[in-house]
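Inspection log for the structure reproduced underneath, given as structure tokens.
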Amino acid sequence: MDQIIVHGNGPLRGEIPIAGAKNACLALMPATLLTDQPLTLTNAPRLSDIRTMTALLQSLGAEVAPLQEGQVLALSSHDLTSHRADYDIVRKMRASILVLGPMLARDGRAEVSLPGGCAIGARPVDLHLKALEAMGAELDLRDGYVHAKAPHGGLRGAVVDFPIVSVGATENALMAATLARGTTVLKNAAREPEIVDLAECLRRMGAQIEGEGTGTITIQGVDALHGATHPVVTDRIELGTYMLAPAICGGEVECLGGRIELLSAFCEKLDEAGISVEQTARGIKVGRRNGRVRAVDVTTEPFPGFPTDLQAQFMALMCVAEGSCVLEETIFENRFMHAPELTRMGARIEVHGGHATVTGVEKLRGAPVMATDLRASVSLILAGLAAEGRTTVSRVYHLDRGYEHVVRKLRGVGARIERIKEE
Ligand code: EPU
């Protein structure tokens with residue numbers, strides 16, 4: 001297993017290209033199951049989660065051409081040879097549940113393993129199942145699998161009112177509804193840019209959808225969808241992560257392809273902290289004004305609020321800010337696992353349930369630390385950039401799930417970082 005070594009750094013300067021969004025791509029890929037014609041995704045990221053979704057779709061009979069250097073992912077589900085998403089794959093990645101709605105909508109049957117627990121929270125899938133049940137699906141939970149059947153004549157349109165906002169449940173229901181008979185209304189739907197991207201792709205495939213990006217999405221079912229080519233939206237979490245690098249180290253970095261509207265709540269917090277954020281023709285330019293960063297409170301919320309997927313990285317910045325702040329996590333119940341690791345680097349953090357109080361220190365100190373999940377792992381790298389001496393991050397396979405070429409991208413702006421084989 002590899003390790004990443006980071007040395008405390010001076011100011012960073014240059015450009016970082018931002019990839020297509022992992023979480024958008026993981027929802028777009030299962031859309032191939034809705035049609036027997038080819039679906040081509042451009043601007044797809046090269047990540048281990050994308051390879052896992054590729055393996056899952058291939059196990060169902062889809063053809064997926066390996067990702068080329070040009071970031072093109074060519075998918076085709078002419079015939080599905082299996083309707084079973086096996087535990088062996090699903091346990092590696094929870095987004096596997098997103099094949100359930102499309103398979104059920106297209107062929108009226110699906111067996112999908114339940115994903116089980118996760119490091120950051122319990123993460124049940126009850127809302128996915130309830131939405132499909134509202135569309136007439138019969139579900140039987142046995143042997144760790146959801147055995148699902150559509151009624152005779154296929155799924156039917158329904159009003160689905162989500163009790164809490166769920167990105168994945170909105171995606172599953174949205175895909176299923178494109179082929180259901182009649183109209184589906186999704187209320188309290190997620191509004192994330194990844195939902196908008198999925199709706200745009202489905203519309204290119206012939207779906208009739210209105211209201212994506214608002215809390216109410218209306219879908220008029222059609223008889224069949226066709227092939228399409230769609231560019232994956234920019235990864236706003238990768239974008240926010242790299243925006244934090246010059247915020248922590250000083251200097252000025254332009255994140256190519258970035259747009260402020262993907263991250264407005266996050267950009268406001270950077271501004272409050274004393275970081276300058278400017279939209280340019282090519283992306284977002286981030287620089288640190290003179291002096292230390294100011295501590296600012298943050299509460300994670302569904303889009304357009306501050307994203308939970310940037311909470312760990314923002315905490316790394318707050319560890320070296322002037323003053324104290326409270327970071328409140330409202331989406332996942334166990335998403336402060338990076339706090340004890342940051343504490344090993346000299347950070348002052350106290351966690352009480354869903355709140356973490358961070359009191360900034362002038363300097364962090366390098367230490368051996370362990371990645372516990374994807375976003376936690378990159379927060380340790382950011383902290384390493386702000387630390388004196390050497391930080392060694394192990395278990396970096398978490399990082400490979402969501403960040404392509406992290407070492408290359410950070411070295412490109414002057415960071416001292418390398419990847420080595422673990423002894
Ligand atoms: N929830 C339920 N029941 C459900 C579904 C969700 O109770 O059936 C709860 C969850 O446990 C959580 C909340 O609802 O407390 C929100 O979860 P959501 O369904 O929105 O999350 P998700 O679709 O499983 C996606 C991203 C996550 C991101 C969250 C929130 C993908 C593949 N994953 O997960 O990304 O944190 O939305 O924005 O899109 C990451 O990339 O590091 C990551 C964890």
Side-chain angles (χ1 to χ4, degrees), residues 19-30 45 47-50 52-53 56 90 92-101 112 114-134 139 141 146 160-175 186 188-198 215 232-233 235-241 262-263 265-266 299-314 329-335 337-338 354 371-379 398-404:
K22 164 182 86 83
N23 288 346
C25 202
L26 289 177
L28 292 163
M29 291 172 75
L47 302 168
S48 65
D49 270 9
I50 301 302
T52 305
M53 183 57 88
L56 174 58
V90 177
K92 290 189 195 150
M93 190 184 68
R94 307 181 52 81
S96 303
I97 192 77
L98 295 175
V99 301
L100 176 60
V112 178
L114 289 164
C118 172
I120 60 173
R123 303 184 74 181
V125 291
D126 55 315
L127 302 176
H128 300 237
L129 305 185
K130 282 194 182 115
L132 296 171
E133 266 178 332
L139 306 180
L141 271 57
V146 187
V160 178
D161 197 349
F162 292 108
I164 56 169
V165 176
S166 162
V167 174
T170 302
E171 291 166 343
N172 234 334
L174 174 59
M175 287 193 273
L186 305 179
N188 200 24
R191 292 184 276 167
E192 270 66 3
E194 293 76 28
I195 303 281
V196 174
D197 201 42
L198 176 62
V232 180
V233 69
D235 194 319
R236 65 196 165 97
I237 307 303
E238 193 199 20
L239 171 65
T241 302
L262 293 172
L263 278 179
F266 172 79
T299 301
T300 63
E301 283 169 346
F303 192 85
F306 190 101
T308 173
D309 291 345
L310 283 171
Q311 176 261 110
Q313 301 90 311
F314 197 80
E329 173 59 55
T330 69
I331 310 291
F332 294 111
E333 63 272 24
N334 191 27
R335 214 175 194 183
M337 284 174 307
H338 39 285
T372 47
D373 70 72
L374 168 59
R375 308 304 170 186
S377 57
V378 84
S379 79
H398 290 293
L399 193 76
D400 296 332
R401 296 187 62 172
Y403 291 91
E404 70 173 44

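Atom set for the values below is all heavy atoms of this structure, side chains included, hydrogens, waters and symmetry mates excluded. Whatever order the structure lists them in is the order used to number ligands and atoms, beginning at 1.
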Applying ring-ring contact (aromatic ring centres under 6.0 Å, His included) to Tyr403 and not counting sequence neighbours gives none

Hey, are the side chains of [X] and [Y] touching, using non-hydrogen atoms and a 4.5 Å cut-off?
X: Pro302; Y: Glu192; value: yes
X: Leu100; Y: Leu129; value: yes
X: Lys22; Y: Glu238; value: no
X: Val167; Y: Asn23; value: no
X: Ser96; Y: Val112; value: no

Element-labelled atoms of ligand 1 that are located less than 4.0 Å from some non-hydrogen atom of [X]:
X: Asn23; answer: 26 (C), 27 (C), 31 (C), 32 (C), 33 (N), 35 (O), 39 (O), 40 (C), 41 (O)
X: Val125; answer: 4 (C), 8 (O)
X: Gly168; answer: 19 (O), 23 (O)
X: Leu374; answer: 42 (O)

Which residue and atom name correspond to the protein heavy atom nearest [atom], and how close is it?
atom: atom 19 (O) of ligand 1; result: Ser166 OG, 2.6 Å
atom: atom 42 (O) of ligand 1; result: Arg375 NE, 2.9 Å
atom: atom 15 (O) of ligand 1; result: Ile331 O, 2.5 Å
atom: atom 8 (O) of ligand 1; result: Leu127 N, 2.7 Å
atom: atom 20 (O) of ligand 1; result: Val167 N, 2.7 Å

For ligand 1, does [X] get within less than 4.0 Å through its side chain, its backbone, both, or neither, judged by non-hydrogen atoms?
X: Asp309; result: side chain
X: Asp126; result: both
X: Phe332; result: side chain
X: Thr308; result: side chain
X: Ile164; result: side chain
X: Ala169; result: neither

Tell me whether ligand 1 is touched by [X] - counting only heavy atoms on the residue side and a distance under 4.0 Å.
X: Lys22; value: yes
X: Arg335; value: yes
X: Pro124; value: yes
X: His128; value: yes

Which value, rounded to the nearest 0.5 Å, describes the distance between Glu301 atom CD and Thr308 atom OG1?
-> 11.5 Å

Among Arg94, Arg401, Lys92, find the residue that satisfies the salt bridge (Lys or Arg N to Asp or Glu O under 4.0 Å) test when tested with Asp49.
-> Arg401

Using heavy-atom distances, let me know which of Glu329, Arg401, Arg123 sits nearest atom 34 (O) of ligand 1.
-> Arg123

Stepwise salt bridge (Lys or Arg N to Asp or Glu O under 4.0 Å) test for Asp309 and Arg335 | CA-CA 9 Å; Asp309 291 345; Arg335 214 175 194 183; 2.7 Å; yes

Which heavy-atom pair separates Leu399 from Ser377 by the least distance, and what is that distance?
-> CD1-OG, 3.5 Å

What one should report as the nearest heavy-atom pair of Pro30 and Met53 is CG-CE, 3.8 Å

Report the relative orientation of the aromatic rings in Phe306 and Phe266; use parallel for angles under 30°, tilted for 30 to 60°, perpendicular for over 60°.
-> tilted

